[in-house]
Amino acid sequence: MASAVQQNVENWKAKLDKVLHEKNGFTDLLEKVEQKTGVRRLYLAIGLFAVVVLYLMVGYGAQFLCNFIGFIYPAYTSFKAVESTNKDDDTVWLIYWVVYSFFALLEFFTDIFLFWIPFYWLLKCIFLVWCMAPTSYNGSQIIYYRFIRPFILRYEKKIDSA
């Protein structure tokens with residue numbers, strides 16, 4: 001059992017290390033920090049992740065950080081999707097924004113209750129990352145096709161007439 005868990009952790013670390021060696025702005029920054037400090041970028045990324053998680057749990061301004069994470073990457077990739085000739089990526093990000101808007105509206109009316117949930121901003125951030133995950137069937141796809149779309153289709157004629 002322990003060897004299976006250890007092997008799973010090693011596989012996860014190898015996949016993450018591979019992703020951290022792809023060329024992009026973030027990995028270029030990690031490479032510079034890695035060269036200056038001598039600390040592997042895998043450990044730098046894990047440390048950064050731990051700091052963000054801890055900050056979302058107890059930090060002042062966790063709401064801002066959570067909303068920033070849930071907005072900045074989707075906004076940038078939505079821009080790239082609009083500028084591309086492929087229209088499938090437009091649909092993916094439109095679905096994300098529909099779910100994000102629905103969640104923001106729901107959050108507005110339930111904020112007084114959500115405030116009392118321990119680690120709410122961490123949980124919300126995990127939810128938003130799940131919704132924007134670059135997989136074919138991420139959280140926004142599930143929520144949209146199982147809940148939002150059937151609801152809107154049921155009342156579409158009434159909404160249109162209003």
Side-chain angles (χ1 to χ4, degrees), residues 11-33 41-42 44-57 59 61-115 117 119-162:
N11 287 340
W12 175 83
K13 282 172 54 177
K15 287 179 186 177
L16 180 59
D17 201 41
K18 181 182 175 191
V19 169
L20 292 174
H21 280 84
E22 293 175 357
K23 285 303 258 182
N24 59 49
F26 179 69
T27 57
D28 291 345
L29 179 65
L30 280 178
E31 181 181 10
K32 289 177 186 175
V33 174
R41 68 180 77 185
L42 174 67
L44 291 170
I46 291 171
L48 179 64
F49 178 77
V51 167
V52 168
V53 168
L54 286 172
Y55 193 81
L56 286 169
M57 291 170 62
Q63 178 180 6
F64 173 76
L65 180 60
C66 175
N67 291 330
F68 184 78
I69 291 169
F71 178 80
I72 197 72
Y73 174 74
Y76 178 69
T77 51
S78 296
F79 168 78
K80 287 178 61 175
V82 168
E83 295 299 317
S84 75
T85 56
N86 182 7
K87 294 304 171 194
D88 292 337
D89 55 359
D90 295 1
T91 304
V92 168
W93 290 108
L94 278 171
I95 289 173
Y96 173 82
W97 290 113
V98 167
V99 172
Y100 184 89
S101 301
F102 178 78
F103 183 73
L105 186 65
L106 184 68
E107 184 182 39
F108 176 78
F109 289 108
T110 59
D111 188 35
I112 192 144
F113 305 113
L114 297 175
F115 173 76
I117 298 174
F119 310 125
Y120 172 71
W121 299 115
L122 174 63
L123 297 172
K124 179 183 175 183
C125 192
I126 291 169
F127 169 75
L128 291 175
V129 168
W130 175 60
C131 284
M132 72 174 91
T135 60
S136 61
Y137 205 62
N138 60 21
S140 59
Q141 300 281 327
I142 293 169
I143 292 168
Y144 178 78
Y145 284 110
R146 287 194 185 163
F147 302 107
I148 297 173
R149 185 173 185 266
F151 178 79
I152 298 294
L153 288 176
R154 186 178 322 132
Y155 297 105
E156 184 177 17
K157 291 191 189 304
K158 290 180 182 179
I159 294 169
D160 288 344
S161 68

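Just so it is clear, the model here is predicted, and its values are computed rather than measured.
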Colleague: Is there a side-chain contact between Lys15 and Val19 in this structure, where contact means two heavy atoms from C-beta onward sitting under 4.5 Å apart?
Modeller: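 Lys15 does not reach Val19 side chain to side chain.
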Colleague: Looking only at heavy atoms, which two atoms of Tyr144 and Pro150 are closest? And how far apart?
Modeller: O-CD, 3.9 Å
Colleague: If I take atom CZ from residue Arg149 and atom CD from residue Glu156, how far apart are they, to the nearest 0.5 angstrom?
Modeller: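 That separation rounds to 9.5 Å.
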Colleague: Check Tyr100, Phe127, Tyr73 against Met132 for a side chain to side chain contact (heavy atoms under 4.5 Å, CB included) and give me the one that passes.
Modeller: Tyr73
Colleague: As an exercise, state the distance from CG of Leu123 to OH of Tyr120, rounded to the nearest 0.5 Å.
Modeller: 9.0 Å
Colleague: Please identify each residue that fulfils ring-ring contact (aromatic ring centres under 6.0 Å, His included) with Phe26, with sequence neighbours left out.
Modeller: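 Partners of Phe26 by the ring-ring contact (aromatic ring centres under 6.0 Å, His included) criterion come out as none, since no residue qualifies.
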Colleague: Ignoring hydrogens, what is the shortest heavy-atom contact between Leu56 and Trp121? Give both atom names and the distance.
Modeller: O-CB, 3.9 Å
Colleague: Answer yes or no: does atom CD1 of Ile112 have more than 12 heavy-atom neighbours from other residues, nucleotides or ligands under 6.0 Å?
Modeller: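 No - once you tally the heavy atoms of other residues, nucleotides and ligands closer than 6.0 Å, there are 12 at most.
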Colleague: Is there a side-chain contact between Ile159 and Ile152, using heavy atoms and a 4.5 Å cut-off?
Modeller: yes
Colleague: Looking at Asn138 and Pro134, would you say the former's side chain and the latter's main chain have a donor-acceptor pair under 3.5 Å?
Modeller: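 No: the side chain of Asn138 does not pair with the backbone of Pro134.
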Colleague: Rounded to the nearest 0.5 Å, what separates atom CG in Leu16 from atom NE2 in His21?
Modeller: 10.5 Å
Colleague: Please lay out, stage by stage, how Gln141 and Val99 fare under the test side-chain contact (heavy atoms from CB on, under 4.5 Å).
Modeller: CA-CA 9 Å; Gln141 300 281 327; Val99 172; over 6 Å; no
Colleague: Does the side chain of Val92 come within less than 4.5 Å of Thr77's, by heavy atoms?
Modeller: no
Colleague: At what distance, to the nearest 0.5 angstrom, does CG of Leu122 lie from CD1 of Ile117?
Modeller: 12.5 Å
Colleague: When the aromatic ring centroids of Phe102 and Phe147 are compared, is their separation below 6.0 Å?
Modeller: no
Colleague: How long is the straight-line distance from CD1 of Ile148 back to CD1 of Ile142, given to the nearest 0.5 Å?
Modeller: 12.5 Å
Colleague: Quick one: which residue pairs count as a salt bridge (charged side-chain N to carboxylate O under 4.0 Å, His left out) with a foot in residues 68-94, not counting sequence neighbours?
Modeller: Lys87-Asp90
Colleague: Between atom SG of Cys131 and atom CD1 of Ile95, what is the distance when rounded to the nearest 0.5 Å?
Modeller: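 Taking SG in Cys131 and CD1 in Ile95, the distance rounds to 11.5 Å.
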Colleague: Classify the angle between the aromatic ring planes of Tyr96 and Trp93 as parallel (below 30°), tilted (30 to 60°) or perpendicular (above 60°).
Modeller: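 Taking Trp93 first and then Tyr96, their aromatic rings stand perpendicular (interplane angle over 60°).
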Colleague: For Cys66 versus Cys125, what's the shortest heavy-atom pair and its separation?
Modeller: SG-N, 3.5 Å
Colleague: Report the C-alpha distance between Lys13 and Asp17 in whole Å, list the side-chain angles of each, state the deciding distance to 0.1 Å, and finish with yes or no for side-chain contact (heavy atoms from CB on, under 4.5 Å).
Modeller: CA-CA 6 Å; Lys13 282 172 54 177; Asp17 201 41; over 6 Å; no
Colleague: Starting from the C-alpha separation in whole Å, work towards a yes-or-no answer on side-chain contact (heavy atoms from CB on, under 4.5 Å) for Leu20 and Leu44.
Modeller: CA-CA 10 Å; Leu20 292 174; Leu44 291 170; over 6 Å; no
Colleague: Under the side-chain contact (heavy atoms from CB on, under 4.5 Å) rule, what do Asp28 and Lys23 come out as? Steps first, then yes or no, please.
Modeller: CA-CA 7 Å; Asp28 291 345; Lys23 285 303 258 182; 3.2 Å; yes
